[in-house]
Protein chains: 2
Amino acid sequence: MTAPTGRRERKKAATRQKIADAALRLFLERGYEEVGIREVAAEADVAVTTLFAHFPSKEALVFARDRDFERGLVDAVAERAPHEPLVPALRREVLAMVRHCAVEGAAPVRRLVEGSTALRRHEESMLLRHADALAAAVADDLGLPRATTACRALARFVVDAHVLARGADDPEAAVGEIFPMIEAAWSAARHPGTTDQSATQPS
Amino acid sequence: MTAPTGRRERKKAATRQKIADAALRLFLERGYEEVGIREVAAEADVAVTTLFAHFPSKEALVFARDRDFERGLVDAVAERAPHEPLVPALRREVLAMVRHCAVEGAAPVRRLVEGSTALRRHEESMLLRHADALAAAVADDLGLPRATTACRALARFVVDAHVLARGADDPEAAVGEIFPMIEAAWSAARHPGTTDQSATQPS
DNA sequence: TTTGAAAAGCTAACCGTTAGCGCTACGGTC
DNA sequence: GACCGTAGCGCTAACGGTTAGCTTTTCAAA
(Lines give C-alpha, C1' and ligand atoms only; values in the text may rest on other atoms or scores of the structure.)
Protein backbone atom coordinates (compact mmCIF):
# COMPACT_ATOMS: atom_id res chain seq x y z
CA MET A 1 0.00 0.00 0.00
CA THR A 2 2.70 2.48 1.05
CA ALA A 3 5.11 2.67 -1.85
CA PRO A 4 8.59 3.16 -0.38
CA THR A 5 9.59 5.94 -2.73
CA GLY A 6 12.01 8.78 -2.24
CA ARG A 7 12.00 11.39 0.46
CA ARG A 8 10.28 13.84 -1.86
CA GLU A 9 7.10 11.85 -2.25
CA ARG A 10 7.13 10.95 1.39
CA LYS A 11 7.23 14.59 2.35
CA LYS A 12 4.46 15.36 -0.07
CA ALA A 13 2.27 12.64 1.39
CA ALA A 14 3.11 13.87 4.89
CA THR A 15 2.07 17.42 3.99
CA ARG A 16 -1.17 16.15 2.55
CA GLN A 17 -1.84 14.13 5.67
CA LYS A 18 -0.99 17.05 7.93
CA ILE A 19 -3.49 19.22 6.07
CA ALA A 20 -6.25 16.62 6.15
CA ASP A 21 -5.69 15.99 9.86
CA ALA A 22 -5.72 19.66 10.74
CA ALA A 23 -8.85 20.24 8.70
CA LEU A 24 -10.77 17.36 10.21
CA ARG A 25 -9.74 18.33 13.71
CA LEU A 26 -10.90 21.91 13.27
CA PHE A 27 -14.10 20.92 11.49
CA LEU A 28 -15.04 18.46 14.22
CA GLU A 29 -14.22 20.96 16.93
CA ARG A 30 -16.09 23.96 15.63
CA GLY A 31 -18.17 22.90 12.62
CA TYR A 32 -17.47 22.90 8.90
CA GLU A 33 -18.91 26.29 8.01
CA GLU A 34 -17.31 27.96 11.01
CA VAL A 35 -13.76 27.18 9.92
CA GLY A 36 -12.17 29.03 7.01
CA ILE A 37 -9.61 27.76 4.55
CA ARG A 38 -7.06 30.27 5.77
CA GLU A 39 -7.47 28.90 9.27
CA VAL A 40 -6.97 25.32 8.16
CA ALA A 41 -3.85 26.31 6.29
CA ALA A 42 -2.50 28.12 9.34
CA GLU A 43 -3.26 25.17 11.61
CA ALA A 44 -1.40 22.86 9.24
CA ASP A 45 1.40 25.45 9.01
CA VAL A 46 1.07 25.61 5.27
CA ALA A 47 0.27 28.25 2.66
CA VAL A 48 -3.24 28.42 1.24
CA THR A 49 -1.93 27.73 -2.23
CA THR A 50 -0.24 24.61 -0.95
CA LEU A 51 -3.50 23.43 0.51
CA PHE A 52 -5.18 23.81 -2.86
CA ALA A 53 -2.30 22.00 -4.52
CA HIS A 54 -3.24 18.92 -2.51
CA PHE A 55 -7.03 19.24 -2.39
CA PRO A 56 -9.17 20.66 -5.17
CA SER A 57 -11.70 22.27 -2.85
CA LYS A 58 -12.61 22.82 0.76
CA GLU A 59 -15.14 19.99 0.66
CA ALA A 60 -12.52 17.56 -0.60
CA LEU A 61 -10.70 17.99 2.71
CA VAL A 62 -13.42 15.94 4.38
CA PHE A 63 -13.42 13.19 1.76
CA ALA A 64 -9.70 12.56 1.62
CA ARG A 65 -10.30 8.82 1.43
CA ASP A 66 -12.96 8.77 -1.27
CA ARG A 67 -10.78 6.92 -3.75
CA ASP A 68 -10.98 3.87 -1.52
CA PHE A 69 -14.73 3.69 -1.93
CA GLU A 70 -14.51 3.82 -5.68
CA ARG A 71 -11.81 1.15 -5.71
CA GLY A 72 -13.90 -0.98 -3.37
CA LEU A 73 -16.83 -1.01 -5.75
CA VAL A 74 -14.75 -1.61 -8.83
CA ASP A 75 -12.76 -4.38 -7.15
CA ALA A 76 -15.94 -6.02 -5.89
CA VAL A 77 -16.72 -6.61 -9.54
CA ALA A 78 -13.32 -7.18 -11.07
CA GLU A 79 -11.69 -9.27 -8.37
CA ARG A 80 -14.51 -11.39 -7.08
CA ALA A 81 -14.30 -15.17 -6.99
CA PRO A 82 -14.57 -16.74 -10.42
CA HIS A 83 -18.13 -17.46 -11.47
CA GLU A 84 -19.53 -15.62 -8.47
CA PRO A 85 -22.62 -13.79 -9.66
CA LEU A 86 -22.37 -10.03 -10.02
CA VAL A 87 -25.12 -8.63 -7.86
CA PRO A 88 -24.44 -10.63 -4.68
CA ALA A 89 -20.83 -9.52 -4.85
CA LEU A 90 -21.97 -5.91 -5.05
CA ARG A 91 -24.35 -6.54 -2.20
CA ARG A 92 -21.52 -7.77 -0.02
CA GLU A 93 -19.47 -4.71 -0.82
CA VAL A 94 -22.29 -2.24 -0.13
CA LEU A 95 -23.04 -4.01 3.11
CA ALA A 96 -19.41 -3.70 4.11
CA MET A 97 -19.42 0.00 3.26
CA VAL A 98 -22.57 0.65 5.23
CA ARG A 99 -21.14 -1.15 8.23
CA HIS A 100 -17.90 0.74 7.90
CA CYS A 101 -19.83 4.01 8.09
CA ALA A 102 -21.86 2.89 11.07
CA VAL A 103 -19.14 1.58 13.34
CA GLU A 104 -15.61 2.86 13.89
CA GLY A 105 -14.87 6.51 14.51
CA ALA A 106 -16.82 7.36 11.37
CA ALA A 107 -19.94 8.57 13.14
CA PRO A 108 -18.74 12.13 13.88
CA VAL A 109 -17.62 12.57 10.30
CA ARG A 110 -21.01 11.35 9.12
CA ARG A 111 -22.69 13.94 11.30
CA LEU A 112 -20.37 16.56 9.88
CA VAL A 113 -21.38 15.67 6.35
CA GLU A 114 -25.10 15.54 7.12
CA GLY A 115 -24.86 18.92 8.80
CA SER A 116 -23.67 20.84 5.76
CA THR A 117 -25.49 21.05 2.46
CA ALA A 118 -22.23 21.81 0.69
CA LEU A 119 -20.76 18.56 1.98
CA ARG A 120 -23.87 16.56 1.15
CA ARG A 121 -23.84 17.87 -2.39
CA HIS A 122 -20.18 17.11 -2.75
CA GLU A 123 -20.69 13.59 -1.55
CA GLU A 124 -23.53 13.00 -3.96
CA SER A 125 -21.48 14.06 -6.94
CA MET A 126 -18.62 11.87 -5.73
CA LEU A 127 -20.99 8.94 -5.63
CA LEU A 128 -22.09 9.67 -9.16
CA ARG A 129 -18.50 9.47 -10.30
CA HIS A 130 -18.27 6.18 -8.49
CA ALA A 131 -21.35 5.00 -10.35
CA ASP A 132 -19.66 5.81 -13.65
CA ALA A 133 -16.58 3.87 -12.62
CA LEU A 134 -18.71 0.96 -11.52
CA ALA A 135 -20.63 0.97 -14.78
CA ALA A 136 -17.37 0.77 -16.66
CA ALA A 137 -16.19 -2.10 -14.47
CA VAL A 138 -19.42 -4.00 -15.03
CA ALA A 139 -19.21 -3.49 -18.77
CA ASP A 140 -15.62 -4.68 -18.73
CA ASP A 141 -16.60 -7.72 -16.72
CA LEU A 142 -19.22 -8.62 -19.31
CA GLY A 143 -16.74 -8.16 -22.14
CA LEU A 144 -18.55 -5.15 -23.53
CA PRO A 145 -16.59 -2.41 -25.30
CA ARG A 146 -18.36 0.33 -23.36
CA ALA A 147 -21.00 0.69 -20.68
CA THR A 148 -24.51 0.06 -21.96
CA THR A 149 -27.63 1.64 -20.56
CA ALA A 150 -28.31 -1.43 -18.45
CA CYS A 151 -24.81 -1.32 -16.96
CA ARG A 152 -25.19 2.31 -16.08
CA ALA A 153 -28.60 1.70 -14.56
CA LEU A 154 -27.27 -1.13 -12.43
CA ALA A 155 -24.40 1.02 -11.25
CA ARG A 156 -26.67 3.88 -10.24
CA PHE A 157 -29.05 1.53 -8.51
CA VAL A 158 -26.19 0.15 -6.44
CA VAL A 159 -25.06 3.63 -5.46
CA ASP A 160 -28.66 4.48 -4.61
CA ALA A 161 -28.73 1.44 -2.37
CA HIS A 162 -25.69 2.71 -0.55
CA VAL A 163 -27.16 6.16 0.00
CA LEU A 164 -30.60 4.92 1.01
CA ALA A 165 -29.21 2.34 3.40
CA ARG A 166 -27.08 4.95 5.11
CA GLY A 167 -30.07 7.16 5.67
CA ALA A 168 -32.39 4.38 6.82
CA ASP A 169 -33.24 3.61 10.43
CA ASP A 170 -31.84 0.10 10.06
CA PRO A 171 -29.16 0.30 7.37
CA GLU A 172 -28.53 -3.43 7.09
CA ALA A 173 -32.20 -4.22 6.75
CA ALA A 174 -32.44 -1.59 4.04
CA VAL A 175 -29.68 -3.32 2.09
CA GLY A 176 -31.63 -6.54 2.46
CA GLU A 177 -34.69 -4.80 1.08
CA ILE A 178 -33.15 -2.98 -1.85
CA PHE A 179 -30.86 -5.64 -3.25
CA PRO A 180 -33.65 -8.05 -4.17
CA MET A 181 -35.05 -5.15 -6.19
CA ILE A 182 -31.70 -4.66 -7.89
CA GLU A 183 -31.42 -8.40 -8.46
CA ALA A 184 -34.79 -8.40 -10.16
CA ALA A 185 -33.92 -5.34 -12.24
CA TRP A 186 -30.65 -6.84 -13.42
CA SER A 187 -32.36 -10.11 -14.17
CA ALA A 188 -34.95 -8.26 -16.24
CA ALA A 189 -32.20 -6.49 -18.14
CA ARG A 190 -30.53 -9.76 -19.08
CA HIS A 191 -33.69 -11.67 -19.92
CA PRO A 192 -35.89 -9.05 -21.59
CA GLY A 193 -39.55 -9.54 -22.29
CA THR A 194 -40.27 -11.69 -19.26
CA THR A 195 -42.04 -9.25 -17.02
CA ASP A 196 -42.38 -6.19 -19.25
CA GLN A 197 -45.94 -4.95 -19.10
CA SER A 198 -45.36 -1.53 -20.66
CA ALA A 199 -44.53 -0.73 -24.26
CA THR A 200 -43.08 2.29 -25.98
CA GLN A 201 -45.84 4.71 -26.77
CA PRO A 202 -45.14 6.50 -30.04
CA SER A 203 -47.51 9.44 -29.52
CA MET B 1 -51.56 29.72 -14.15
CA THR B 2 -51.00 33.51 -14.08
CA ALA B 3 -52.76 34.82 -10.98
CA PRO B 4 -54.04 38.33 -11.81
CA THR B 5 -52.91 39.90 -8.54
CA GLY B 6 -51.98 43.45 -7.68
CA ARG B 7 -49.46 45.63 -9.38
CA ARG B 8 -46.92 44.83 -6.72
CA GLU B 9 -46.73 41.10 -7.47
CA ARG B 10 -46.86 41.75 -11.17
CA LYS B 11 -43.84 44.00 -10.93
CA LYS B 12 -42.02 41.44 -8.84
CA ALA B 13 -42.72 38.71 -11.37
CA ALA B 14 -41.63 41.03 -14.17
CA THR B 15 -38.34 41.77 -12.42
CA ARG B 16 -37.73 38.07 -11.90
CA GLN B 17 -38.44 37.37 -15.53
CA LYS B 18 -36.21 40.22 -16.67
CA ILE B 19 -33.36 38.82 -14.62
CA ALA B 20 -33.84 35.26 -15.86
CA ASP B 21 -34.03 36.43 -19.46
CA ALA B 22 -30.94 38.59 -19.21
CA ALA B 23 -29.02 35.78 -17.53
CA LEU B 24 -29.95 33.16 -20.08
CA ARG B 25 -29.17 35.51 -22.96
CA LEU B 26 -25.70 36.31 -21.63
CA PHE B 27 -24.95 32.71 -20.67
CA LEU B 28 -25.91 31.44 -24.12
CA GLU B 29 -23.95 34.19 -25.82
CA ARG B 30 -20.68 33.88 -23.96
CA GLY B 31 -20.84 30.81 -21.72
CA TYR B 32 -21.85 30.30 -18.12
CA GLU B 33 -18.46 30.66 -16.48
CA GLU B 34 -17.55 33.69 -18.57
CA VAL B 35 -20.43 35.82 -17.29
CA GLY B 36 -20.36 37.24 -13.77
CA ILE B 37 -23.26 37.93 -11.47
CA ARG B 38 -22.53 41.64 -11.55
CA GLU B 39 -22.79 41.57 -15.31
CA VAL B 40 -26.13 39.79 -15.25
CA ALA B 41 -27.47 42.29 -12.76
CA ALA B 42 -26.26 45.18 -14.90
CA GLU B 43 -27.80 43.67 -18.03
CA ALA B 44 -31.13 43.29 -16.23
CA ASP B 45 -30.70 46.84 -14.87
CA VAL B 46 -31.02 45.57 -11.32
CA ALA B 47 -28.87 45.58 -8.19
CA VAL B 48 -26.94 42.45 -7.29
CA THR B 49 -28.84 42.16 -4.03
CA THR B 50 -32.11 42.26 -5.94
CA LEU B 51 -30.92 39.42 -8.13
CA PHE B 52 -30.22 37.32 -5.07
CA ALA B 53 -33.61 38.24 -3.63
CA HIS B 54 -35.17 36.44 -6.59
CA PHE B 55 -32.73 33.56 -7.11
CA PRO B 56 -30.85 31.78 -4.36
CA SER B 57 -27.70 31.24 -6.42
CA LYS B 58 -26.11 31.83 -9.80
CA GLU B 59 -26.94 28.30 -10.90
CA ALA B 60 -30.60 28.77 -10.08
CA LEU B 61 -30.76 31.40 -12.84
CA VAL B 62 -30.53 28.61 -15.38
CA PHE B 63 -33.13 26.38 -13.73
CA ALA B 64 -35.87 28.95 -13.26
CA ARG B 65 -38.46 26.37 -14.27
CA ASP B 66 -37.37 23.43 -12.12
CA ARG B 67 -40.53 23.37 -10.02
CA ASP B 68 -42.46 22.16 -13.05
CA PHE B 69 -40.40 18.98 -13.24
CA GLU B 70 -41.05 18.12 -9.65
CA ARG B 71 -44.75 18.78 -10.01
CA GLY B 72 -44.81 16.68 -13.15
CA LEU B 73 -43.45 13.63 -11.37
CA VAL B 74 -45.66 14.02 -8.32
CA ASP B 75 -48.75 14.59 -10.43
CA ALA B 76 -47.93 11.59 -12.58
CA VAL B 77 -48.49 9.54 -9.45
CA ALA B 78 -51.20 11.46 -7.67
CA GLU B 79 -53.42 12.41 -10.61
CA ARG B 80 -53.18 9.42 -12.88
CA ALA B 81 -56.25 7.57 -14.08
CA PRO B 82 -57.88 5.47 -11.36
CA HIS B 83 -56.45 1.97 -11.14
CA GLU B 84 -53.70 2.79 -13.60
CA PRO B 85 -50.58 0.97 -12.40
CA LEU B 86 -47.87 3.10 -10.88
CA VAL B 87 -44.77 2.35 -12.91
CA PRO B 88 -46.26 2.77 -16.40
CA ALA B 89 -47.59 6.15 -15.35
CA LEU B 90 -44.11 7.16 -14.25
CA ARG B 91 -42.75 5.80 -17.47
CA ARG B 92 -45.05 8.00 -19.48
CA GLU B 93 -44.00 11.05 -17.50
CA VAL B 94 -40.29 10.37 -17.83
CA LEU B 95 -40.72 9.77 -21.53
CA ALA B 96 -42.49 13.10 -21.84
CA MET B 97 -39.73 14.85 -19.93
CA VAL B 98 -37.03 13.32 -22.06
CA ARG B 99 -38.82 14.35 -25.20
CA HIS B 100 -39.33 17.82 -23.84
CA CYS B 101 -35.59 18.14 -23.34
CA ALA B 102 -34.78 16.81 -26.79
CA VAL B 103 -37.07 18.94 -28.92
CA GLU B 104 -38.07 22.56 -28.52
CA GLY B 105 -35.52 25.30 -27.93
CA ALA B 106 -34.17 23.32 -25.01
CA ALA B 107 -31.10 22.01 -26.79
CA PRO B 108 -28.87 25.06 -26.26
CA VAL B 109 -29.74 25.16 -22.59
CA ARG B 110 -28.91 21.47 -22.33
CA ARG B 111 -25.52 22.15 -23.86
CA LEU B 112 -25.04 24.98 -21.39
CA VAL B 113 -25.71 22.67 -18.46
CA GLU B 114 -23.51 19.87 -19.76
CA GLY B 115 -20.71 22.36 -20.30
CA SER B 116 -20.40 23.44 -16.69
CA THR B 117 -19.68 21.16 -13.77
CA ALA B 118 -21.30 23.64 -11.40
CA LEU B 119 -24.53 23.45 -13.37
CA ARG B 120 -24.40 19.67 -13.65
CA ARG B 121 -23.94 19.37 -9.91
CA HIS B 122 -26.77 21.77 -9.25
CA GLU B 123 -29.06 19.80 -11.52
CA GLU B 124 -28.20 16.54 -9.82
CA SER B 125 -29.06 17.86 -6.41
CA MET B 126 -32.29 19.26 -7.79
CA LEU B 127 -33.15 15.83 -9.10
CA LEU B 128 -32.47 14.33 -5.71
CA ARG B 129 -34.96 16.69 -4.17
CA HIS B 130 -37.40 15.60 -6.84
CA ALA B 131 -36.75 12.00 -5.89
CA ASP B 132 -37.62 12.77 -2.30
CA ALA B 133 -40.85 14.44 -3.37
CA LEU B 134 -41.67 11.51 -5.61
CA ALA B 135 -41.01 9.03 -2.82
CA ALA B 136 -43.42 10.91 -0.62
CA ALA B 137 -46.04 10.94 -3.35
CA VAL B 138 -45.67 7.20 -3.90
CA ALA B 139 -45.98 6.52 -0.19
CA ASP B 140 -49.05 8.70 -0.05
CA ASP B 141 -50.53 6.88 -3.01
CA LEU B 142 -50.08 3.57 -1.23
CA GLY B 143 -51.63 4.91 1.94
CA LEU B 144 -48.40 4.71 3.89
CA PRO B 145 -47.71 7.21 6.66
CA ARG B 146 -44.20 7.87 5.41
CA ALA B 147 -41.92 6.80 2.58
CA THR B 148 -40.48 3.33 3.06
CA THR B 149 -37.16 2.16 1.75
CA ALA B 150 -38.84 0.59 -1.25
CA CYS B 151 -40.62 3.85 -2.10
CA ARG B 152 -37.40 5.77 -1.88
CA ALA B 153 -35.62 3.22 -4.01
CA LEU B 154 -38.31 3.37 -6.67
CA ALA B 155 -38.16 7.16 -6.70
CA ARG B 156 -34.41 7.23 -7.13
CA PHE B 157 -34.55 4.60 -9.83
CA VAL B 158 -37.04 6.71 -11.76
CA VAL B 159 -34.84 9.78 -11.47
CA ASP B 160 -31.89 7.67 -12.56
CA ALA B 161 -33.89 6.63 -15.60
CA HIS B 162 -34.44 10.27 -16.47
CA VAL B 163 -30.77 11.13 -16.18
CA LEU B 164 -29.51 8.06 -18.01
CA ALA B 165 -32.01 8.47 -20.83
CA ARG B 166 -30.98 12.07 -21.33
CA GLY B 167 -27.37 11.08 -21.66
CA ALA B 168 -27.98 8.12 -23.94
CA ASP B 169 -27.52 8.08 -27.69
CA ASP B 170 -31.17 7.18 -28.19
CA PRO B 171 -33.03 8.59 -25.18
CA GLU B 172 -36.38 6.98 -25.94
CA ALA B 173 -34.85 3.57 -26.43
CA ALA B 174 -33.05 3.99 -23.11
CA VAL B 175 -36.36 4.64 -21.38
CA GLY B 176 -37.68 1.47 -22.98
CA GLU B 177 -34.67 -0.39 -21.65
CA ILE B 178 -34.62 0.92 -18.10
CA PHE B 179 -38.29 0.86 -17.24
CA PRO B 180 -38.65 -2.90 -17.51
CA MET B 181 -35.84 -3.06 -14.96
CA ILE B 182 -37.72 -0.68 -12.69
CA GLU B 183 -40.91 -2.63 -13.23
CA ALA B 184 -39.14 -5.81 -12.14
CA ALA B 185 -37.59 -4.10 -9.14
CA TRP B 186 -40.90 -2.69 -7.99
CA SER B 187 -42.55 -6.03 -8.50
CA ALA B 188 -39.86 -7.69 -6.39
CA ALA B 189 -40.42 -5.13 -3.66
CA ARG B 190 -44.13 -5.88 -3.51
CA HIS B 191 -43.83 -9.65 -3.80
CA PRO B 192 -40.74 -10.47 -1.78
CA GLY B 193 -39.03 -13.83 -1.82
CA THR B 194 -39.79 -14.60 -5.46
CA THR B 195 -36.44 -14.00 -7.10
CA ASP B 196 -34.21 -13.28 -4.14
CA GLN B 197 -31.05 -15.35 -4.40
CA SER B 198 -28.97 -13.51 -1.82
CA ALA B 199 -29.40 -13.47 1.93
CA THR B 200 -28.15 -11.25 4.70
CA GLN B 201 -24.74 -12.35 5.76
CA PRO B 202 -24.31 -11.89 9.52
CA SER B 203 -20.51 -11.99 9.60
C1' DT C 1 28.44 20.43 -8.15
C1' DT C 2 25.51 21.74 -11.25
C1' DT C 3 20.97 21.71 -12.95
C1' DG C 4 16.10 20.86 -13.79
C1' DA C 5 11.93 20.34 -11.80
C1' DA C 6 8.63 19.50 -8.26
C1' DA C 7 6.92 21.42 -3.97
C1' DA C 8 5.88 25.19 -1.23
C1' DG C 9 5.38 30.09 -0.37
C1' DC C 10 3.65 35.10 -0.83
C1' DT C 11 0.82 38.66 -2.67
C1' DA C 12 -3.04 40.23 -4.77
C1' DA C 13 -6.75 39.68 -6.78
C1' DC C 14 -11.53 37.55 -8.79
C1' DC C 15 -16.08 36.04 -7.95
C1' DG C 16 -20.25 34.40 -5.60
C1' DT C 17 -22.65 35.66 -1.74
C1' DT C 18 -24.30 38.17 2.44
C1' DA C 19 -25.01 41.90 6.04
C1' DG C 20 -26.40 46.35 7.16
C1' DC C 21 -28.94 50.13 6.18
C1' DG C 22 -31.77 53.55 3.60
C1' DC C 23 -35.24 54.64 0.19
C1' DT C 24 -39.52 54.29 -2.46
C1' DA C 25 -43.82 52.55 -4.02
C1' DC C 26 -47.59 49.84 -3.14
C1' DG C 27 -51.77 48.03 -0.39
C1' DG C 28 -54.80 47.99 3.32
C1' DT C 29 -56.92 51.09 7.09
C1' DC C 30 -58.94 55.04 9.25
C1' DG D 1 -57.86 61.33 0.82
C1' DA D 2 -54.27 60.97 4.36
C1' DC D 3 -51.55 57.37 6.89
C1' DC D 4 -48.69 53.67 7.96
C1' DG D 5 -46.60 49.10 7.60
C1' DT D 6 -44.00 46.61 4.65
C1' DA D 7 -42.31 44.46 0.41
C1' DG D 8 -39.25 45.40 -3.15
C1' DC D 9 -35.17 47.44 -4.45
C1' DG D 10 -30.76 49.90 -4.14
C1' DC D 11 -25.94 50.96 -2.39
C1' DT D 12 -21.71 49.97 -0.05
C1' DA D 13 -18.67 47.03 2.01
C1' DA D 14 -17.24 43.05 3.25
C1' DC D 15 -16.43 37.76 3.80
C1' DG D 16 -14.78 33.34 2.19
C1' DG D 17 -13.35 30.04 -1.43
C1' DT D 18 -10.36 29.94 -5.22
C1' DT D 19 -6.78 31.20 -8.66
C1' DA D 20 -2.89 33.63 -11.18
C1' DG D 21 1.70 35.17 -11.21
C1' DC D 22 5.97 34.85 -9.52
C1' DT D 23 9.82 33.64 -6.20
C1' DT D 24 12.10 30.47 -3.14
C1' DT D 25 13.25 26.04 -1.31
C1' DT D 26 14.20 21.15 -1.73
C1' DC D 27 15.17 17.02 -3.79
C1' DA D 28 17.26 13.93 -7.41
C1' DA D 29 19.78 12.85 -11.31
C1' DA D 30 23.79 13.89 -14.15
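First the proteins, then the strands, lettered A, B, ... as listed; each starts at 1.
Ranked by how close their nearest DNA chain D nucleotide is to the 5' end, V46(B) and G36(A) are led by V46(B).
Side chains of F179(B) and V94(B) form a contact here, defined as non-hydrogen atoms less than 4.5 Å apart.
Within 4.0 Å (heavy atoms only), V40(B) reaches no atom of the nucleic acid at all.
Look at CD on E33(B): it is 18 Å from P on dC14(C), rounded to the nearest Å. For D45(B) and dG8(D), the CG to P distance is 19 Å, given to the nearest whole Å. Rounded to an integer number of Å, the gap from CZ of R121(A) to P of dG17(D) is 16 Å. Counting to the nearest Å, the P atom of dA7(C) and the CD1 atom of I19(A) are 13 Å from each other. Per the geometry, CG belonging to L26(A) stands 14 Å off P belonging to dG16(D), to the nearest Å. A straight line from CD of E34(B) to C1' of dG16(C) spans 15 Å, rounded to a whole angstrom. Spacing between atom CG of L51(A) and atom P of dT18(D) amounts to 9 Å, rounded to whole angstrom units. The distance from atom CZ of F55(A) to atom C1' of dT19(D) is 18 Å, rounded to the nearest whole Å.
Under a 4.0 Å N-O distance rule, the pair R110(A)/E123(A) qualifies as a salt bridge. Salt-bridge formation is detected for the pair R156(A)/E124(B): a Lys NZ or Arg NE/NH1/NH2 atom is positioned less than 4.0 Å from an Asp or Glu carboxylate oxygen.
Taken from CG in L134(A) to CZ in R129(A), the straight-line distance is 14.0 Å, to the nearest 0.5 Å. Separating the CZ atom in R91(A) from the CD1 atom in I182(A) is a distance of 9.5 Å, to the nearest 0.5 Å. If you take NE2 on H100(A) and CZ on F69(A), they are separated by 5.0 Å, rounding to the nearest 0.5 Å.
Contact annotation: H54(B) does not reach the phosphate of dG8(D) (side-chain N/O to OP1 or OP2, under 4.0 Å). When the side-chain nitrogen and oxygen atoms of T15(A) are compared with OP1 and OP2 of dA8(C), one or more of them lie within a distance under 4.0 Å.
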Show me the donor-acceptor pairs, under 3.5 Å and distance only, between side chains in residues 80-89 of chain A and residues at least two apart or in other chains.
{"from": "R80(A)", "atom 1": "NE", "to": "E84(A)", "atom 2": "O", "distance (Å)": "2.6"}
{"from": "R80(A)", "atom 1": "NH1", "to": "V77(A)", "atom 2": "O", "distance (Å)": "2.8"}
{"from": "R80(A)", "atom 1": "NH1", "to": "D141(A)", "atom 2": "OD1", "distance (Å)": "3.2"}
{"from": "R80(A)", "atom 1": "NH1", "to": "D141(A)", "atom 2": "OD2", "distance (Å)": "3.4"}
{"from": "R80(A)", "atom 1": "NH2", "to": "E84(A)", "atom 2": "O", "distance (Å)": "3.2"}
{"from": "R80(A)", "atom 1": "NH2", "to": "D141(A)", "atom 2": "OD2", "distance (Å)": "3.3"}
{"from": "E84(A)", "atom 1": "OE2", "to": "R92(A)", "atom 2": "NH1", "distance (Å)": "2.6"}

Return a single string for nucleotides 17-30 of chain C, one symbol per nucleotide in 5' to 3' order, where B is base contact, S is sugar-phosphate-only contact and - is none, cutoff 4.0 angstrom on heavy atoms. BBB-----BBS---
